[in-house]
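The first residue in the sequence is number 1, and the count goes up from there. In this text the structure is predicted, and so the values were computed from the model without any measurement.
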Amino acid sequence: MSRRGLLSLAVVAAGGMALSPRAPQVDSLPPTPEAPPVPMPGPPPWKNRDPLLTAPLSTSAHTLGAISRYEAAFPALNTKAVVPLPGLANTTSPWLAASIVGPVNQLQIVNPETETPAHVVSIPDSHNGGIESLVWHMKTRTLYLGTGSKLYSWNPKNPQEMRRIGEVPGASTLYDLTLDSAGNLWGGTYPNGSTFTYTVATGKIRAHSRLAADTDYVRRVAIGPDDVVWAGTGSVNPRLFTFPAARPGQRTEVQLPNPMTEGFISSIEVLGDRVVVMASDIDGQLLLDPATLKWVGTVDRKWSSRKVSPLVEGATTVYTVTKNELYATDTATWQDTLLGVVETNAPLSLQADGQRVLVTSELPTGLRLEYFSLSERRVETRRTLSLTTGEYKIQSLMGHSDGNIYIGGYMGQGIASVNPDTNARWHSPHDERLINQIEAMIEFDAERTYIGSYGSADIIGLKSAKKDTEEGYSRLDRLRTEYHQSRPFGWATNSTNVFFGTVPDYGRAGGVLGMIDPRSNKIAWVLDGAGKGFIRAHSIIGLAADDRYVYGTSSVRNGYGIPDTTGAAKVFKLEISTRTKVWETAPVAQTGALYAPKLIAGWLVVADIEGINIIDPATGRLATRHRLTQGNNATSRPGWANADIAQVGDGSKVVHSAAGTTTVVDFRAGSSAVIGSQDSKERFGARLASTPTGRVFGYTDKTVLVELDLLPATAAPGSQRPSKPTTSPSTSS
């Protein structure tokens, strides 16, 4: 029998019943009535507060690790940015640099007169979301780009290579690269809350000091022709800072005309004698006089995608799109002229040459180029260009009763699935526009699934029968609007309802707890602690439920941009019918986050970075801890999904993953086994999914779905174990 067959049999024996084989039929005799199947004896039922869960665990031999691999589990083509490259080649319109979301094929150089990219370059150690910003220096024919904390350059002389310039000290993300008149590179940072420069002549990177004590983000940077720098901050108290490029410490602060408690400066453009500023929750554009630092008006028409064409030297006109219409705006008078209609309302870039405007936008297969004639006031030519598909990093996983593993992608759109038996692939339709990055999701029944989408904490319902059409997806609520939430991480179901918990928006503290009524497909209630959070100033990141109570775990990690809340993570119990909190405890000292609660054998089983905690659901008190990793709760910054537990069957086995170690715990055998070897280079992420048949899946190498081996490697003498895991081909269907 194969190892997977042994595993399935072991799961059935541990957590369910199996059928005996039917007796063979003899052809010469009339068939006899088929006897009912005789169940194999299963494990005894759990006792309430079963002592097997609190008993010490012995260490077994490690398992094989991944027994199947599904490469490119979420293939995707999501174009992040497009930058024209004038001067790169002698073509009628400029070549383009396109960046796509994900950890492969991030940079694609496109000749607009061909149908496929001329060059496709992957950056092996890039940020999981790809390239955050890129800028073209026409004089030196150099493309600069930032990914994570690192700076790179690309030059057409070596088109398949990236030159690594270096890292910005203290930064994890670089934003909005731009150039001064000397060709030096500037950008913003997180969490430094400052600008930085790369001086080409010296090859040195310099990180400047923080702009303000309450600023972690500088997402937007612009430089005027006079080499005055403008920097936009967030997520708390978003505002501008300005200073001469030669003296970055000589700063002047400029508050918005209507200051905001939280949010971001979303765009800065120096156009003519005005600085044009766009910010969170402001539909139009604000105009600032750079000489007086006074706000002098607005442009009420919102520029789609916050995109505007650069000013052509000697001209005063810029071009923007609103509701599929192209406008010309005179930056001397700020008067608009409607020019005509274009196909897109989400331009990736606009480039004008005095005779026509090139509007570039995204298609499912690549790019659409619309050449708009200024004399004829119409699109005279349209072209489509294919880009090379990339892959999303796996962000979330869900095992479903239909046999598929569903996947959400980091910085991704939509949802995908892999069938682990057939390797069949599926992706939500391109017309489905509701789902962004899926933080977590849950199946209520075979017909209904609920999804938590990042950005605005959108709660989305999915009907299985209509998953191939956009009608199958509905937004139940956008929790950012009323409750200032950003990320739905906690999910649980009981026989009648679905429950969710959230992380707050940037610059805020306190997540909410809510309940969905699947019969009406509506949110029945949301508890937000009068705006302070259901657990005051804590995020709600894990949930479990029975028909009377919902249990949850918290993290002291708030929305990005503000410090963590002081103290330890909480566990709580809520009576559903009365919405009354029964208890709230901090059972594990020195940990700021508790994850993935499960109700097993009358206990509440909760994960942290170090291992598994067994908690009494009657009191919230800690009964025992099982140490499984080398992680340290006290020194690891609390997160939202840094540890996970997958339950197998009735909970006889669970899989825990955190801190680079994944472990299978067999409570009935009183043992634990590392999945894979501690000496192996293969590491699995802290996202897991289990199936109704007892299989457990995780991921490795950012984009590869894997099935995990749950059986310790205790082969009998003389037997042979597979030398490496089985690999499933990455074909699509």
Side-chain angles (χ1 to χ4, degrees), residues 3-4 7 62-78 100-106 120 122-130 388-400 403-427 437-438 440-441 641-644 646 655-664 674-691 695-710 722-733:
R3 190 169 184 83
R4 182 180 294 173
L7 175 60
H62 65 80
T63 82
L64 291 178
I67 54 177
S68 294
R69 294 172 59 94
Y70 306 87
E71 309 284 345
F74 199 153
L77 182 56
N78 183 357
I100 67 170
V101 176
V104 296
N105 300 331
Q106 299 98 318
V120 178
S122 290
I123 309 169
D125 60 346
S126 81
H127 184 270
N128 292 329
T388 301
T389 299
E391 302 166 19
Y392 288 144
K393 176 189 176 295
I394 294 173
Q395 175 74 2
S396 53
L397 295 171
M398 177 185 67
H400 196 279
N404 293 309
I405 305 299
Y406 287 84
I407 304 162
Y410 181 76
M411 296 185 71
Q413 297 173 337
I415 182 173
S417 73
V418 175
N419 186 294
D421 294 317
T422 66
N423 201 31
R425 308 298 180 97
W426 171 85
H427 191 290
Q437 174 177 299
I438 300 175
M441 48 190 154
N642 291 352
D644 201 3
V655 176
H656 173 274
S657 192
T661 300
T662 304
T663 309
V664 56
V674 172
I675 297 180
S677 169
Q678 291 282 26
D679 299 328
S680 170
K681 294 182 180 180
E682 186 174 48
R683 291 290 181 267
F684 308 113
R687 296 295 183 98
L688 302 169
S690 57
T691 69
R695 299 161 72 179
V696 176
F697 293 81
Y699 72 90
T700 188
D701 298 332
K702 299 183 179 181
T703 66
V704 180
L705 179 72
V706 294
E707 182 175 358
L708 301 176
D709 183 15
L710 306 185
S723 59
K724 58 183 179 180
T726 303
T727 299
S728 294
S730 55
T731 56
S732 299
S733 66

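Counting heavy atoms from C-beta on, the side chains of Phe74 and Thr703 never come closer than 4.5 Å. At a threshold of 4.5 Å between non-hydrogen side-chain atoms, the residues Arg69 and Glu71 count as touching. Residues Ile407 and Ile415 form no side-chain contact, since every pair of their non-hydrogen atoms from C-beta on lies 4.5 Å or further apart. At least one side-chain heavy atom of Leu710 sits less than 4.5 Å from a side-chain heavy atom of Val655.
Taking OG1 of Thr662 as the start and CG of Asp644 as the end, the distance is 10.0 Å to the nearest 0.5 Å. Here Thr389 contributes atom OG1 and Ile100 contributes atom CD1; the two are 7.5 Å apart, rounded to the nearest 0.5 Å. Rounding to the nearest 0.5 angstrom, the gap separating the CG atom in Leu688 from the CG atom in Leu708 is 6.5 Å. Distance CD1/Ile67 to CD/Glu707: 4.0 Å, rounded to 0.5 Å.
Leu397 and Arg687 get closest at one heavy-atom pair: CD1-O, 3.6 Å. The minimum heavy-atom distance linking Pro103 with Lys702 is given by the pair CB-CD, 4.0 Å. Scanning all heavy atoms of the two residues, the minimum distance from Asn419 to Gly403 falls at ND2-O, 4.1 Å. Across all their heavy atoms, Ala689 and Gly399 have their closest contact at CB-N, 3.6 Å. For Met441 against Gly408, the heavy-atom pair with the smallest separation is CE-N, 3.7 Å. Closest non-hydrogen pair, Ala73 versus Ile394, comes out as CB-CD1, 4.1 Å.
In this pair, Trp426 and Tyr406 present their aromatic rings perpendicular. The plane angle is above 60°, beyond the 30 to 60° band. The aromatic rings of Phe697 and Tyr70 are tilted relative to each other, their planes meeting at an angle between 30° and 60°.
Under a 3.5 Å cut-off, the side chain of Ser396 and the backbone N or O of Ile438 do form a donor-acceptor pair. Judged by distance alone, with hydrogens and angles left aside, the side-chain atoms of Ser657 form a donor-acceptor pair with the main-chain N or O of Gly685 at under 3.5 Å. The backbone N or O of Asn105 lies less than 3.5 Å from a partner atom in the side chain of Ser122, making a donor-acceptor pair. Between the side chain of Gln437 and the main chain of Gly412, no donor-acceptor pair closer than 3.5 Å is present. The backbone N or O of Tyr410 lies less than 3.5 Å from no partner atom in the side chain of Gln395, so there is not a single donor-acceptor pair. A side-chain donor-acceptor contact under 3.5 Å links Tyr392 to the backbone of Gln413.
Side-chain contact check for Lys393 and Tyr699: at least one donor-acceptor pair (N or O, by modelled atom type) lies under 3.5 Å.
Remark: Asp709 does not engage Arg695 in a salt bridge, criterion side-chain N to carboxylate O under 4.0 Å. Ionic pairing of Asp701 and Arg683 is not present here: no N-O contact between side-chain nitrogen and carboxylate oxygen is shorter than 4.0 angstrom.
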(message) The test is side chain to side chain donor-acceptor pair (under 3.5 Å); show your working for Glu682 and Thr700 and say whether it passes.
(response) CA-CA 7 Å; Glu682 186 174 48; Thr700 188; 4.7 Å; no

(request) Take Ile405 and Leu705, measure what side-chain contact (heavy atoms from CB on, under 4.5 Å) needs, and give me the verdict at the end. (result) CA-CA 9 Å; Ile405 305 299; Leu705 179 72; 4.1 Å; yes

(message) Does Ile675 form a side-chain contact (heavy atoms from CB on, under 4.5 Å) with His62? I'd like the steps, not just the answer.
(response) CA-CA 6 Å; Ile675 297 180; His62 65 80; over 6 Å; no

